[in-house]
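Below is one structure, written out as structure tokens; the observations come after it.
The chains referred to below are lettered A, B, ... by the order of the sequence lines, with proteins before strands, and numbering in each begins at 1.
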Number of protein chains: 2
Amino acid sequence: MPPRSYVSPARSAAAAETRERVIEAASRTLREGESIARFSLDTVAKAAGVTRLTVYNQFGSRRGLLEAVFDEIARHGGLHQLADAMAMADPRAALDRMVEIFCGFWSRDSAVGRLHDAMATDPEFAEAIRERNERRRRGVTALTERIADKGASPQARRDAVDLIFALTSYPTFASLSAGRSKDEVCKVVQAACHAALANLSDPSS
Amino acid sequence: MPPRSYVSPARSAAAAETRERVIEAASRTLREGESIARFSLDTVAKAAGVTRLTVYNQFGSRRGLLEAVFDEIARHGGLHQLADAMAMADPRAALDRMVEIFCGFWSRDSAVGRLHDAMATDPEFAEAIRERNERRRRGVTALTERIADKGASPQARRDAVDLIFALTSYPTFASLSAGRSKDEVCKVVQAACHAALANLSDPSS
DNA sequence: AATTAGATATACATTATGTATACTCAATAT
DNA sequence: ATATTGAGTATACATAATGTATATCTAATT
């Protein structure tokens, strides 16, 4: 008697909707809660109107849920604009645009801050987020290579990339956000990035 | 029958020694453990050869212990050199020295990284650490004011201060430390700080 | 009409923090 | 000398969170 497994459009649609509802409840809980420490699956489940076990059914673990929330935020965070930015003719303008896009991303949903907090307590989640940040690093590297003079040393290039990577990170954005609008932070970061690149084109150093 | 309370030199000395031993065990546990999540008072107590309740006796809470560890690290972290640095005649040289001192501090004991992780889960601990960082901010502010031209706008000064504050923070240090020695990180940060100050003295912008 | 996927109900194991109470023992005070 | 005190211990308990296990319910499919 072979099991007659099947896929059910109605069922999987309902499951997908449940999943969405849980993710929505989770990001809302992250946004409104004052610390990642108070973020429990129990709270999320209640907010979504499901059982805690349903959350485990859908995401496997707390970590799985957090990753799903991050990916959802990333989907609506405007990162798709990066492709256009990278395609710009002027690499310096492209970098400015990239900074703008990431400032928009970091500021769009305050849950990203809480997710960065979650990196501290869950090394595997931290690794997952770091991997997602590699895209930003690759973008910075590509633009830096396009900007750098032929004579610029590999070390100078690496320094510029790593510095710009740090400048465009969430922690830097959060630090500069005290008393500044998103656009103001953006300008400060852009200026700092310009300065980081100055060493690569001006051989006077 | 009034209670005849008293202070015992021998007892309080023994208690102080116990306290030291617990702090030492805690920082070692932080250093060797791979995540703040695995840092429990139970582990620390066993490592120190005392009971968990003794830890509560001495520090009141997990948070109290973490603050004590941070303060102990700060005591031996070379921050006392800041006074000399601030007294230097050339404010730019003073800032370079300040960056050097903080790079030394962040790199001296890897437990500081774990303590910064603990900020994510405990808002009150985070606030306590932020207060201790205010000293750095004040230092940066004072030096920036000494460096800035008379014509530099208040906003430009604030931007420089906040950027340098972010550049000299632990997260930036940790980010730049991937594949770099302490001294190499120091040089990168110093150069970035110089660039952040350029806008304040060169009216060509 | 039987079966299946998703969700629920209930229970349990484990790990932490934090509090409470009674106890041991060496260091003090009278 | 002897009672008392402070630091640490032993044991127990309350609470909260993650994660696993098992049986059950219900609507969608075959």
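Aromatic ring pairs are classed by plane angle as parallel below 30°, tilted from 30° to 60° and perpendicular above 60°; the pair B:Phe102 and B:Trp106 is tilted.
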Which nucleotides of nucleotides 15-22 of chain D have their base under 4.0 Å from a protein heavy atom (B), which only their sugar-phosphate (S), and which neither (-), written as one string 5' to 3'? --SBBBB-

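Atom pair B:Gln58:CD and D:dG6:C1' shows a separation of 11 Å (rounding to whole Å applied). At whole-Å resolution of the value, CD in A:Glu20 and P in C:dA7 are 13 Å apart.
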With 3.5 Å as the limit, what N/O pairs link the protein to nucleotides 24-27 of chain C?
unit_1 : atom_1 : unit_2 : atom_2 : d
C:dA27 : O3'    : B:Ser8 : OG     : 2.9

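Scanning both residues, A:Asp149 and A:Ser201, for their nearest heavy atoms gives OD2-O, 2.7 Å. Nearest heavy-atom pair, A:Ile164 versus A:Cys193, reported as atom, atom and distance to 0.1 Å: CG2-SG, 3.8 Å.
In this structure, a donor-acceptor pair under 3.5 Å is absent between the side chains of A:Asn133 and A:Arg130. A donor-acceptor pair shorter than 3.5 Å cannot be found between the side chains of B:Ser175 and B:Thr172. A side-chain donor from one of B:His194 and B:Asp96 sits under 3.5 Å from a side-chain acceptor of the other. B:Thr141 and B:Arg146 form no side-chain donor-acceptor contact under 3.5 Å, judged by distance and modelled atom types alone.
At C:dA7, none of the side-chain N or O atoms of A:Thr54 fall inside 4.0 Å of OP1 or OP2 (strictly under the cut-off).
Here A:Ser12 lies out of heavy-atom contact (under 4.0 Å) with every strand.
Taking the ring axis of A:Phe39 as reference, the NZ or CZ atom of A:Arg114 does not stay both within 45° of it and closer than 6.0 Å to the ring centre.
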